[in-house]
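We count residues from 1, following the sequence as given.
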Amino acid sequence: MAEINENIRTEEQKRVDTVIEKIEKRMEKLESKTGNLKQDIVSLRKRFWEDVTVNIDDPDDVIETHASLKQQAELLGERERSHGQFYKQYKNLQRLKSSPYFGRIDFLEEGEKEAEQIYIGLFSLMDDDDENFLIYDWRAPISSMYYDYAPGPAQYETMDGPIKGEIELKRQYIIRDGKIKGLFDTGITIGDEILQTVLSDQADTQMKNIVATIQKEQNAIIRNNKKRYLVVQGAAGSGKTSAAMQRVAYLLYRYRETLKAENILLFSPNQMFNSYVSTVLPELGEDNMEQSTFYQYLQQRLKNIDVENPYTQLEYILGGKRDESYQLRKKSIQFKVSLQYKEIIDQYVEELLTKGILFKNIRFRGELILSKNEIVDYFYSLKQIPTIPNRISCVKEWILDKLQELEKNEQSKEWVEEERELLSKEDYLRIYRKLQKQQRFTENTFNDFEREEQLIGEWVVRRRIKPLRNKIINLAFLDVVGLYKQLFTWAEANSALFSLPEEWQEIKRLTVEKLATGELFYEDATPYLYLKDKLEGKQIHNSIRHLFIDEAQDYSPFQFSFLKEIFPNSRMTILGDMNQSIFTHSIHDEHAFAKSEDLFPGEELEKIVLTKSYRSTKQIVEFTEEMLTDEHKIEPFNRVGEIPTLTISPDKSKLLDHIIEKVTDLQNKGFETISIICKTAAEANEAYDALKESLNLRLIRKETSSYEKGILIIPSYLAKGIEFDAVIIYNCADDVYNQEDERKLFYTACTRAMHELHLYSVGKPSRFVQAVDKTKYKLIDRS
């Protein structure tokens, strides 16, 4: 990479000034348009009813009123849409004004005599005649060459095929507040100087937009349209999540006629992470996609049962006493997340077509209306219907017919007269208005005493039956909990067909006991919902056209198989790192992410591996990499920093003193995001209570929904996906981190650090640290 001479820099600054001048003129025009439109909208809202003809005396007048209302509403809607579009354009120009572009390529297309100068920025900008591009949007097809090629032969894809030619020049800019701060000619995508500048910045509370520093391998993720399933295995700090966010922006740009933000869904690891990535798309001029955690999705689908939080499950596994019941829970988790368990449910449902279905008794006012056995008999009388969901639908209609008969029969009962007599004047008036809306009588009807009693009786019965009717419509008569319990007995009786764990009886007892309290273990939630869908009919999410799954190594094979079924029309971008697997089901590479080839058809799957880490300094990457036992080689970006430290303290009191001292030192260095990472929430609470008098701290819990600057105390598993200026590992003693299934959790905690990493241990440090080459860290023994 070569620094540019002053003459070229002067010419380039002149162009920047010219472009900014044009941007300012555009902004002035838009200000005028939006100002006028805003006045129009305010005026329209004020006189909305003045311009509407309201007359409901006869049917023709009602039609005219409706048409008038519709016309006025459409006019207002059109003005508001235009205002929104102009405002969006204005905000984009505002962003361009400070830094109009970050790259340039001079491209000589085959057959042409002169190279075109292509300037690349966040958004496109045309000249005054709308004929030539002053700036190309980074997502435009021609811009891809900036990311993918060095000077020399190059090409880009268009609808009509590839355009070939030669890049004669590649130039990179750092422009701040309209002034060129850095200017380089380069032979690679992003020169070290620019990347060093960006990566040396402080950590922020929001994920950075990386369009100016996208690497070739990240660009392959962003613009990938080849296969239905894109799986990205990326080392910690390799930019996989950042690339995924730019990919969303690219998809919204590339398919803007058919794809909207609401057609894209991101499953993220936790609510705080949602807050962390929430500004990336708006910065790129796009609306935020739908965001959720998989746990929130389960909660929304399973409203009548209490689902254990995945982090509660993890907290138990990390902090639990490793006794017999602990080992049983681990075995239970590992079996229930498998595809084998899913196959058992499939065979169980198949048998329910002929026997074993369970329903609930239906009662009204304490009296049995339909027994569960009667419903079972009717269900199995529908042999001609081949699927359970269709049969259940017929059963529902049959029960609703029975309720209609019940409604007629109940109107003459004594309880109806008693309730009618207890109605207040206010109740009468309310009923009168409701019945009037339903056009059940003229204004004189209440003068007829018998007719009045009949109508009010009907209303009383209907009101009392309505909750029951709603339950029937929602299929509450189907005993899903009972059927899930029965699954364990059925599997045991058919054990010759399956390979069940030796502890099956105990797993059954554990599950049934939990269900008896109205709760589901987290490992049961997906299988339970899968069974529910197999019985009631799958809830397909057709509107989601692209599903993004981050931290995919924490999803089980069962969960991935389930997601494929409920998002059948979705393309998927699946991102993760096998070295950061923290859940029990994923510790031995038994997770879906490691076996993606088995879960997704080969012809529909593309896999990209990112091995270069940009987040941490070279010293931190080389230290953390030695904790891993597999073959995954992680290549550090050449950004030099301080060597990690390991401080040995004699007791917890001294450890706290040493941490307070280090935090103060880090603050004096100007670091704004300092994270004290504890193993569990219990340890984080303990550390918070011990340190809060000396330091201004914020405790992060699983419910925390926003990430803010400052000193944070956080459980290891909630830090995933987020980066901090400096990380302090609270207590990495060997009696805290010593199990093999905690190795990757410990690695994940350490790789959150951008600039500095400091580990503290009461006594002998973890075996994971002891295995690291002593030259890769500085030992401070204060014991």
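- Residues I317 and Y326 form a side-chain contact, since some pair of their non-hydrogen atoms from C-beta on lies under 4.5 Å apart.
- Salt bridge status for D346 with K534: present, with a side-chain N to carboxylate O gap under 4.0 Å.
- Side chains of L358 and L352 form no contact here, defined as non-hydrogen atoms less than 4.5 Å apart.
- Here the CD1-CG distance, from I549 to L575, works out to 9.0 Å after rounding to the nearest 0.5 Å.
- More than 12 heavy-atom neighbours from other residues, nucleotides or ligands sit within 6.0 angstrom of NZ on K396.
- A salt bridge is defined here as a Lys NZ or Arg NE, NH1 or NH2 lying under 4.0 Å from an Asp or Glu carboxylate O, and E374 with K402 fails to meet this definition.
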Pair E315-K702, salt bridge (Lys or Arg N to Asp or Glu O under 4.0 Å): steps then yes or no
CA-CA 11 Å; E315 190 74 18; K702 61 178 182 284; over 6 Å; no

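- Atom NZ of K413 has more than 12 heavy atoms from other residues, nucleotides or ligands within 6.0 Å.
- Looking at heavy atoms from C-beta onward, R545 lies in side-chain contact with T258 at the 4.5 angstrom threshold.
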Stepwise side-chain contact (heavy atoms from CB on, under 4.5 Å) check, F600 with K227
CA-CA 11 Å; F600 305 107; K227 303 289 179 73; over 6 Å; no

Can you check side-chain contact (heavy atoms from CB on, under 4.5 Å) on Q411 and V416, steps first, answer last?
CA-CA 6 Å; Q411 286 169 19; V416 178; 5.6 Å; no

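- Salt bridge R322/E742: present, at least one basic N to carboxylate O contact under 4.0 Å.
- Heavy-atom neighbours of N409 CG from other residues, nucleotides or ligands within 6.0 Å: above the threshold of 12.
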Show your working on side-chain contact (heavy atoms from CB on, under 4.5 Å) between K720 and T748 and close with a plain yes or no.
CA-CA 7 Å; K720 287 170 72 71; T748 302; 3.8 Å; yes

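- The heavy-atom pair separating M572 from L563 by the smallest distance is CE-O, 3.9 Å.
- Other residues, nucleotides and ligands contribute over 12 non-hydrogen atoms within 6.0 Å of the CD atom of Q327.
- In this pair, Y311 and Y717 present their aromatic rings parallel. The plane angle is below 30°, not in the 30 to 60° band.
- Under the 30°/60° scheme for interplanar angles, the aromatic rings of F746 and Y737 are found to be tilted.
- Using modelled atom types, one finds a donor on one side chain and an acceptor on the other under 3.5 Å when comparing Y295 with Q299.
- With respect to F477, the side chain to side chain contact (heavy atoms under 4.5 Å, CB included) criterion is satisfied by exactly one of I399, N361, L468: I399.
- Closest approach of Y253 to E286, counting heavy atoms only: N-OE2, 4.3 Å.
- Electrostatic pairing of R469 and E407 counts as a salt bridge here, judged by a charged N lying under 4.0 Å from a carboxylate O.
- The shortest distance between side-chain heavy atoms of K744 and Q580 does not fall below 4.5 Å.
- Here the two rings, on F379 and F359, have centers that are under 6.0 Å apart.
- Judged purely by distance below 3.5 Å, without hydrogens or angles, the side chains of T573 and R247 pair a donor atom with an acceptor atom.
- Within 6.0 Å of CD on E324 lie no more than 12 heavy atoms contributed by other residues, nucleotides or ligands.
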If you apply the rule side-chain contact (heavy atoms from CB on, under 4.5 Å), what do you find for Q347 with W490, and how did you get there?
CA-CA 10 Å; Q347 291 193 44; W490 178 86; 3.8 Å; yes

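- A salt bridge links D741 to K330: one of the charged nitrogens lies within less than 4.0 Å of a carboxylate oxygen.
- A donor-acceptor contact closer than 3.5 angstrom links the side chains of E523 and Q313.
- Applying the 6.0 Å contact sphere to CZ of R701 captures no more than 12 heavy atoms from other residues, nucleotides or ligands.
- Annotation: side chain of I608 is not in contact with side chain of E217 (no heavy-atom distance under 4.5 Å).
- In this structure, F558 and P527 approach most closely via the heavy-atom pair CZ-CA, 3.6 Å.
- To the nearest 0.5 Å, atom CG of residue N263 and atom CG of residue N569 are 11.5 Å apart.
- Summarising the geometry of G319 relative to T680, their closest heavy-atom pair is N-CG2, 4.4 Å, with the distance given to 0.1 Å.
- Side-chain atoms of E606 and V231, non-hydrogen and from C-beta on, never get closer than 4.5 Å to each other.
- The two residues L298 and Y522 make their nearest non-hydrogen contact at CD1-CE1, 3.7 Å.
- Taking the ring centroids of Y297 and H541, they lie under the 6.0 Å cut-off.
- Counting heavy atoms from C-beta on, the side chains of R391 and I357 never come closer than 4.5 Å.
- Donor-acceptor pairing under 3.5 Å is recorded for the side chains of D323 and S325.
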Output side-chain donor-acceptor pairs under 3.5 Å for residues 496-514, partner residues at least two apart or in another chain, one line each.
| unit_1 | atom_1 | unit_2 | atom_2 | d |
| --- | --- | --- | --- | --- |
| E503 | OE2 | K331 | NZ | 3.1 |
| W504 | NE1 | F488 | O | 3.0 |
| Q505 | NE2 | E492 | OE1 | 3.3 |
| Q505 | NE2 | E492 | OE2 | 2.4 |
| E506 | OE1 | R509 | NE | 3.0 |
| E506 | OE1 | R509 | NH2 | 2.8 |
| K508 | NZ | T489 | OG1 | 3.1 |
| R509 | NH1 | E513 | OE1 | 3.3 |
| R509 | NH1 | E513 | OE2 | 3.2 |
| T511 | OG1 | K336 | NZ | 2.7 |
| T511 | OG1 | I507 | O | 2.7 |

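- Nearest approach of I385 to C394, heavy atoms of both residues: CD1-SG, 3.4 Å.
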